[in-house]
*Asks:* 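After the structure tokens below, expect a handful of questions from me.
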Amino acid sequence: MKKASIITYGCQMNVNETAKIKIKTLKEKRGTIIGVTGCFAQEQGRELVKKFPVIDIVMGNQNIGRIPQAIEKIENNEGVHEVYTDNEDELPPRLDADFESDQTASISITYGCNNFCTFCIVPYVRGRERSVPLQDIVEDVAKYVKKGSKEIVLLGQNVNSYGNDFKNGDNFAKLLDQICKIEGEFILRFVSPHPRDFTDDVIDVIAKNPKISRCLHLPLQSGSSQILKRMNRGYTKEKYIALAEKIKEKIPDVALTSDIIVGFPGETEENFLDTIDVVKKISFDNSYMFMYSIRKGTRAAEMKEQIDDKVKKERLQRLIEVQNQCSLNESKKYQGKIVRVLVEGPSKKNKEVLSGRTSSNKVVLFEGTSILKGTFVNVKINNCKTWTLYGEIVD
Ligand code: SF4
């Protein structure tokens with residue numbers, strides 16, 4: 001049996017595509033074949049094999065369905081290097097995915113993006129936005145739930161613009177609603193929504209459906225309206241705050257998380273303080289915080305006012321400190337509460353205790369037997385640390 005090793009870096013979309021790529025049965029004729037895929041491969045194309053001739057296959061995001069074909073060609077000595085980076089303006093094939101965990105299944109609902117945020121390479125490498133037909137997604141979710149998945153993650157560069165390319169009225173709110181009608185106990189998560197496209201009907205569907213996760217990821221990127229404009233994000237500081245407050249009001253048990261970039265070209269100290277202000281006001285549960293880094297081929301890469309690395313590092317450190325305090329404050333709100341937890345299995349650090357996550361994506365540690373893996377239990381929270389809650393199972 002031939003063995004394959006797939007090393008995955010980057011976003012959840014890459015993880016999902018890895019699960020689809022897993023190659024189970026191909027006869028060995030030639031030894032190890034090395035392939036590179038993802039946004040980077042799409043962008044670099046043939047340049048990659050020029051730089052690293054050891055690579056056999058370069059496969060763009062939109063061509064992963066052709067991996068078996070590429071391998072066959074290499075094996076039959078029909079090609080030295082197989083490079084597939086056509087921008088196919090169609091949906092990639094519906095491949096069965098082989099996920100690491102039988103508990104979690106991720107499903108791509110859109111491919112590509114139309115937004116052109118000035119720091120981002122995605123629209124150039126993954127192409128324009130294309131939505132997967134609603135019925136196909138609902139069927140896939142039903143299939144995974146039947147197989148035992150307890151957590152379904154919908155993926156897309158901008159999930160809540162789902163359906164904008166249809167003319168039949170199908171949209172993200174309708175998709176969520178239809179999925180929630182599938183029988184069985186599961187948590188429905190999705191990443192990433194765009195604040196600009198977070199419509200009231202989506203908020204209402206989430207509010208009335210307990211199957212939908214109470215953790216919503218709402219990428220802020222910057223708290224400064226001036227920088228948001230330069231980023232081409234399509235919202236202002238005030239609009240973002242108003243949206244977050246509306247979500248909190250309609251879904252009181254929600255936890256908000258975010259992505260934040262510091263040191264975007266032209267960011268002044270005052271602009272940065274706007275970001276700190278939004279983080280404090282919204283009090284995110286958690287944020288993925290980054291220093292801006294240049295992506296070749298994007299508009300921001302050409303901007304003259306690049307920020308010194310020292311300044312970026314210092315701002316990132318200050319932001320992390322503020323965020324950590326918010327995370328601790330949000331954790332403390334669970335003290336004494338009883339929460340429903342999906343048991344993931346023994347904790348990685350201490351096999352004696354079980355680890356699970358709440359609908360709001362908080363990690364909870366508690367005593368119990370591993371038979372409970374994959375079930376939902378009620379846990380009373382006795383102790384709250386910044387990233388972890390500690391408790392005991394109750395009826
Ligand atoms: Fe699209 Fe997100 Fe990139 Fe903006 S940051 S262009 S929304 S993928």
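Keep in mind it's a predicted model, so treat the numbers as computed, not measured. Whatever order the structure lists them in is the order used to number ligands and atoms, beginning at 1. Only this structure's heavy atoms are used, side chains among them; waters, hydrogens and symmetry mates stay out.
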*Asks:* Which residue holds the protein heavy atom closest to atom 7 (S) of ligand 1, what is that atom called, and what is the gap in Å?
*Replies:* N115 ND2, 3.4 Å
*Asks:* Passes salt bridge (Lys or Arg N to Asp or Glu O under 4.0 Å), K312 versus D309? Steps please.
*Replies:* CA-CA 5 Å; K312 285 191 215 171; D309 263 6; 3.6 Å; yes
*Asks:* Just let me know how N158 lines up against ligand 1, side chain, backbone, both or neither, with a heavy-atom cut-off below 4.0 Å.
*Replies:* neither
*Asks:* Give the atoms of ligand 1, by number and element, whose distance to some non-hydrogen atom of H194 is under 4.0 Å.
*Replies:*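 Counting from 1, the qualifying ligand atoms are 7 (S).
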*Asks:* If you measure from each non-hydrogen atom of P219 to ligand 1, which part falls under 4.0 Å: side chain, backbone, both or neither?
*Replies:* neither
*Asks:* Go through the steps for K50 and E47 under the test salt bridge (Lys or Arg N to Asp or Glu O under 4.0 Å), then give the verdict.
*Replies:* CA-CA 5 Å; K50 276 192 206 152; E47 284 303 303; 3.3 Å; yes
*Asks:* Atom 3 (Fe) of ligand 1: which protein heavy atom is closest, and how many Å away?
*Replies:*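 The closest one turns out to be C120 SG, 2.3 Å.
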*Asks:* With rounding to the nearest 0.5 Å, note down the distance linking OG in S224 to NZ in K237.
*Replies:*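 That separation rounds to 8.5 Å.
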*Asks:* Parallel, tilted or perpendicular: which one describes the rings of F116 and Y124, with boundaries at 30° and 60°?
*Replies:* perpendicular
*Asks:* Go through ligand 1 atom by atom and flag the ones less than 4.0 Å from a non-hydrogen atom of F116.
*Replies:* 6 (S)
*Asks:* Please check if any side-chain donor atom of E82 sits under 3.5 Å from a side-chain acceptor atom of Y84, or the reverse.
*Replies:* yes
*Asks:* Are the side chains of E392 and V379 in contact, using a 4.5 Å heavy-atom criterion?
*Replies:*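 SC-SC contact between V379 and E392 ruled out.
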*Asks:* Can you tell me if, anywhere in C117, an N/O/S atom lies at a distance from atom 4 (Fe) of ligand 1 that is smaller than 2.8 Å?
*Replies:*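 So C117 counts as coordinating atom 4 (Fe) of ligand 1, yes.
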*Asks:* Closer than 4.0 angstrom: is that true for some heavy atom of Q221 and an atom of ligand 1?
*Replies:*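 Distance cut 4.0 Å: Q221 fails for ligand 1.
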*Asks:* Could you tell me whether R318 and E314 have a side-chain N and a carboxylate O separated by less than 4.0 Å?
*Replies:*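 Yes, R318 and E314 are salt-bridged.
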*Asks:* What is the closest protein heavy atom to atom 2 (Fe) of ligand 1, and at what distance does it sit?
*Replies:*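 Residue, atom and distance for the closest contact: Q157 O, 4.0 Å.
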*Asks:* Which ligand 1 atoms are under 4.0 Å away from a heavy-atom of V122?
*Replies:* 8 (S)
*Asks:* So which protein heavy atom does atom 1 (Fe) of ligand 1 come closest to, and at what separation?
*Replies:* C113 SG, 2.3 Å
*Asks:* Indicate, as side chain, backbone, both or neither, the part of F119 found under 4.0 angstrom from ligand 1 when only non-hydrogen atoms are considered.
*Replies:*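 Only the side chain of F119 comes within reach of ligand 1.
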*Asks:* Strictly distance-based, threshold 3.5 Å: is any side-chain N or O of N209 a donor or acceptor partner for the main-chain N or O of K211?
*Replies:*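 Answer holds: no.
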*Asks:* Give a yes or no on whether the backbone of L220 and the side-chain of Y235 come within a donor-acceptor separation of less than 3.5 Å.
*Replies:* yes
*Asks:* At a 4.0 Å threshold, what atoms of ligand 1 neighbour a non-hydrogen atom of P123?
*Replies:* 6 (S)
